Amino acid sequence: WNQATGRVYFVHSFCARPNDENKDWILSTTTYGSDYISAVQKGNIMATQFHPEKSGEIGLSILAGFLGESADPLKLQVAESAGIAAALSK
């Protein structure tokens with residue numbers, strides 16, 4: 001995604017700041033006081049600083065993106081409701 005139009009759930013008090021050593025991994029940054037890395041990607045590896053499984057509809061869309069374009073957000077909603085998404089995130 002280029003720009004999130006919703007809010008996602010952050011719970012951590014630590015962060016990684018963008019710099020020359022990690023610039024090739026940065027997928028997105030977030031500004032909250034200052035800029036920090038909120039998602040990284042290199043090759044087929046991707047990770048987020050925030051919790052998509054706790055981020056409502058936008059989080060489900062992000063999880064669907066992880067799974068590919070054929071992922072059904074409705075099935076992800078059912079999985080989240082059953083606690084499966086939370087279990088998979090551990």
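Only this structure's heavy atoms are used, side chains among them; waters, hydrogens and symmetry mates stay out. No experiment lies behind these values; they were computed from the predicted model shown.
- Separation of atoms CE (M46) and CG (L27) is listed at 4.5 Å; rounding is to 0.5 Å.
- Atoms CD1 and CD, on I62 and E53 in that order, are 10.5 Å from each other to the nearest 0.5 Å.
- Here the CD1 atom belonging to I58 is positioned 11.5 Å from the CG atom belonging to L63, to the nearest 0.5 angstrom.
- Using a 4.5 Å heavy-atom cutoff, the side chains of K42 and D24 are in contact.
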**OP:** Check the pair H51, V8 against side chain to side chain contact (heavy atoms under 4.5 Å, CB included), reporting the backbone distance first and the verdict last.
**Re:** CA-CA 7 Å; H51 291 268; V8 293; over 6 Å; no
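- Note on residues 15-49: pairs passing ring pair (Phe, Tyr, Trp, His ring centres under 6.0 Å), not counting sequence neighbours, are F10-Y36.
- Pairing each heavy atom of S38 with each of T30, the nearest pair is OG-OG1, 2.9 Å.
- Under the side chain to side chain donor-acceptor pair (under 3.5 Å) criterion, T29 pairs with no residue at all, not counting sequence neighbours.
- Taking CG of L60 as the reference point, atom CD of E57 lies at 7.5 Å (rounded to 0.5 Å).
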**OP:** Apply the test side chain to side chain contact (heavy atoms under 4.5 Å, CB included) to residues S28 and Q41: give CA-CA distance (whole Å), side-chain angles for both, the deciding distance (0.1 Å), then the verdict.
**Re:** CA-CA 9 Å; S28 68; Q41 179 177 12; over 6 Å; no
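- Counting only distance, with no hydrogens or angles, the side chain of R17 and the backbone of I37 share no donor-acceptor pair below 3.5 Å.
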